[in-house]
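Bear in mind that the values here come from a model prediction, so they are computed numbers and not experimental data.
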Amino acid sequence: MGKLLHGSVSTRRPVALRVPLAPPLYGSFRAGPSTHPDGFRHDGPALLHFAYSGWCSGTVAPRDARCSGGREGLASWLKAVPLILALMLACIVAGSASAVEPVRIGHFPNITHAQALVGRANGTFDQRLGNPVDWKVFNAGPTAMEALIAGQLDIAYVGPNPAVNLFLRSKGKALRVIAGAASGGAALVVPATSTVSRPQDFRGKRIASPELGNTQDVALRRWLKSNGLVPGKDVQVAPIKNADILMLFRQGKLAGAWVPEPWVTRLIREGGGRIFLDERSLWPDNRFPTAVVVVRKAFYERNREQVRRFLDAHLEVTAWINGHPAEAGKKLNEQLARLAGRPLPPQTLTEALGRVQITHDPLAGPLATSARWALELGYLPRGTDLGVGLRGVVDVTLLNELLKARSLPAVRGN
């Protein structure tokens with residue numbers, strides 16, 4: 001290469017400066033030969049390439065103004081360095097900002113998803129994750145799982161049956177259950193004036209569930225079959241959105257509805273109903289998973305530390321709700337008002353919360369039982385061996401590490 005201080009500069013071996021910059025979305029700037037009049041162009045690679053030969057080639061400014069002599073040319077080039085560094089810094093800052101993407105978390109406007117509602121209200125998840133949270137609201141599990149498999153959700157509060165269904169159908173590639181959220185809080189409600197007194201009295205009648213294949217839908221159909229009634233033949237099971245269930249219930253167009261809280265209590269107080277069957281009575285120790293937390297497997301593998309932070313927030317909110325029920329109820333109601341258009345009456349909220357246990361335990365045993373019911377009903381692929389197929393569905397590795405740090409007992413996975 002020619003001497004810099006005593007002659008012209010050869011362009012055969014350019015001096016290049018390369019630094020990492022923004023992702024390809026922002027492209028990068030390259031000083032040197034360019035069709036753009038300013039000598040810079042977006043060319044995609046995440047590198048900034050400055051070539052001394054480009055500076056002296058006449059593409060950035062007239063050659064004679066910069067490279068007419070050795071010392072003068074070098075001095076002219078050096079004067080441009082602050083501008084170049086400023087551009088580099090601006091690109092680096094832009095790249096850093098673009099890298100902070102929101103964590104997309106789904107939930108329902110239900111009391112059984114209390115951690116999402118309360119944590120959303122007090123900002124706990126945003127604080128722990130260090131990333132903004134993009135909250136997405138769903139009516140029932142199958143719809144939420146469609147969004148997750150489409151890559152539109154990273155984490156979701158959902159019923160166990162839609163989660164297990166997707167896990168099995170994807171052969172374990174779609175998700176992992178990483179924590180529990182709620183136990184209890186589901187029931188079969190009938191009009192207070194109903195003459196139904198035993199399961200067989202529902203023959204020829206219409207019962208609603210929130211959505212085909214969701215957790216309450218599976219529980220209802222399994223209960224009917226266990227009592228000798230064939231869903232769709234002896235009893236019409238109608239998948240209907242919760243808000244519409246309340247409207248139809250008021251109009252006397254339903255013989256009953258198997259729903260989660262707060263809809264159980266709303267059907268009682270606003271629809272003139274009564275509980276025919278509390279689902280807790282069907283389970284050992286009255287415990288079964290109404291809601292669990294799932295993570296998209298690809299997100300889990302790439303963002304394990306973020307998942308850990310999410311679980312840390314989930315545990316914090318769970319403990320806070322159980323330790324401060326009155327304050328938690330207020331925050332929860334504020335979120336329900338924002339999402340549903342109006343808050344629940346205080347008596348409704350208190351009664352609904354009384355039927356729900358807010359927990360971090362995914363209750364892996366009852367979850368497997370619920371999966372067996374779904375298989376029997378034909379919601380899962382025929383011939384599925386649940387003993388093999390469910391391996392790994394409940395991954396509580398990170399959860400148990402956090403519980404240990406809090407001196408709390410570990411929970412069971414599978």
Side-chain angles (χ1 to χ4, degrees), residues 108-113 137-147 158-166 185-282 288 290-291 340 352 355 370-371 373-380:
F108 310 164
N110 292 348
I111 286 176
T112 52
H113 293 203
V137 181
F138 298 87
N139 178 68
T143 307
M145 293 300 91
E146 288 174 7
V158 68
N161 287 105
V164 168
N165 193 333
L166 180 55
L188 172 58
V189 183
V190 299
T193 56
S194 174
T195 59
V196 170
S197 61
R198 59 194 184 112
Q200 288 71 26
D201 293 337
F202 284 105
R203 190 180 298 275
K205 301 185 184 299
R206 186 187 189 202
I207 304 176
S209 68
E211 189 171 4
L212 183 67
N214 94 316
T215 299
Q216 286 76 48
D217 183 75
V218 169
L220 168 60
R221 292 171 187 270
R222 191 268 175 182
W223 178 78
L224 289 171
K225 287 192 70 175
S226 69
N227 284 281
L229 299 169
V230 179
K233 180 180 179 182
D234 299 321
V235 180
Q236 181 186 358
V237 177
I240 303 171
K241 291 183 178 180
N242 287 314
D244 294 334
I245 287 176
L246 177 57
M247 177 186 68
L248 294 172
F249 197 89
R250 284 171 169 170
Q251 296 172 354
K253 295 181 179 180
L254 295 173
W258 199 302
V259 291
E261 291 288 5
W263 298 99
V264 172
T265 304
R266 291 192 66 179
L267 288 178
I268 294 170
R269 290 186 168 271
E270 299 174 41
R274 62 180 173 86
I275 292 179
F276 180 84
L277 177 71
D278 188 322
E279 190 178 341
R280 289 178 293 184
S281 66
L282 302 178
F288 66 98
T290 312
R355 279 188 276 268
S370 186
W373 293 353
L375 179 62
E376 293 171 357
L377 291 167
Y379 284 128
L380 302 180

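Nearest heavy-atom pair, P142 versus G213, reported as atom, atom and distance to 0.1 Å: CG-C, 4.2 Å. Across all non-hydrogen atoms, the minimal contact from P162 to G159 is CD-O, 3.3 Å. Between L267 and A257, the shortest heavy-atom contact is CD1-CB, 3.9 Å. Nearest heavy-atom pair across P262 and P109 is CD-O, 4.3 Å. Here the closest heavy-atom approach between residue A374 and residue N161 is recorded as CB-ND2, 3.8 Å.
Side-chain contact check for V264 versus P260: every heavy-atom pair is 4.5 Å or farther apart. When side chains are defined from C-beta on, R221 counts as touching L212, because their heavy atoms get closer than 4.5 Å. Using a 4.5 Å heavy-atom cutoff, the side chains of Y379 and V218 are in contact. A heavy-atom distance below 4.5 Å is not found between the side chains of T195 and D201. Within the 4.5 Å cutoff, side-chain heavy atoms of W223 are placed close to those of L188. At least one side-chain heavy atom of N165 sits under 4.5 Å from a side-chain heavy atom of L380. Taking 4.5 Å as the limit, every side-chain heavy atom of S370 sits out of range of all side-chain heavy atoms of F288.
Atom CG in L229 sits 8.0 Å away from atom CD1 in I207 (nearest 0.5 Å). Put simply, OG1 on T290 and CG on N110 are 10.0 Å apart, with the number rounded to the nearest 0.5 Å.
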Would F108 and V158 count as a side chain to side chain contact (heavy atoms under 4.5 Å, CB included) here? Give the steps. CA-CA 8 Å; F108 310 164; V158 68; 4.2 Å; yes
How far apart are the C-alpha atoms of M247 and Q251, what are their side-chain angles, what is the distance that settles it, and do they pass the side chain to side chain contact (heavy atoms under 4.5 Å, CB included) test? CA-CA 6 Å; M247 177 186 68; Q251 296 172 354; 3.6 Å; yes
I would like to know whether L166 and E146 meet side chain to side chain contact (heavy atoms under 4.5 Å, CB included); could you show each step before the answer? CA-CA 9 Å; L166 180 55; E146 288 174 7; over 6 Å; no
Step by step, would you call W258 with L277 a side chain to side chain contact (heavy atoms under 4.5 Å, CB included)? CA-CA 9 Å; W258 199 302; L277 177 71; 3.6 Å; yes
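For residues 235-244, there are no side chain to side chain donor-acceptor pair (under 3.5 Å) pairs, not counting sequence neighbours. Residue pairs meeting the salt bridge (Lys or Arg N to Asp or Glu O under 4.0 Å) criterion with at least one member in residues 267-279, sequence neighbours excluded, are R250-E270, R266-E270, R269-E351, E270-R342, D278-R280. Every pair passing side chain to side chain donor-acceptor pair (under 3.5 Å) that includes a residue from residues 205-214 is listed here, sequence neighbours excluded: T143-E211, S209-D217, N214-Q216.
Checked against side-chain hydrogen bond (donor to acceptor under 3.5 Å, both in side chains), E376 has the following partners two or more places apart in sequence or in another chain: R372. Every residue two or more places apart in sequence or in another chain that forms a ring-ring contact (aromatic ring centres under 6.0 Å, His included) with F276 is listed here: F202. R203 pairs by the side-chain hydrogen bond (donor to acceptor under 3.5 Å, both in side chains) definition with D234, not counting sequence neighbours.
Of the candidates T215, V235, V237, V237 is the only one forming a side chain to side chain contact (heavy atoms under 4.5 Å, CB included) with L220.
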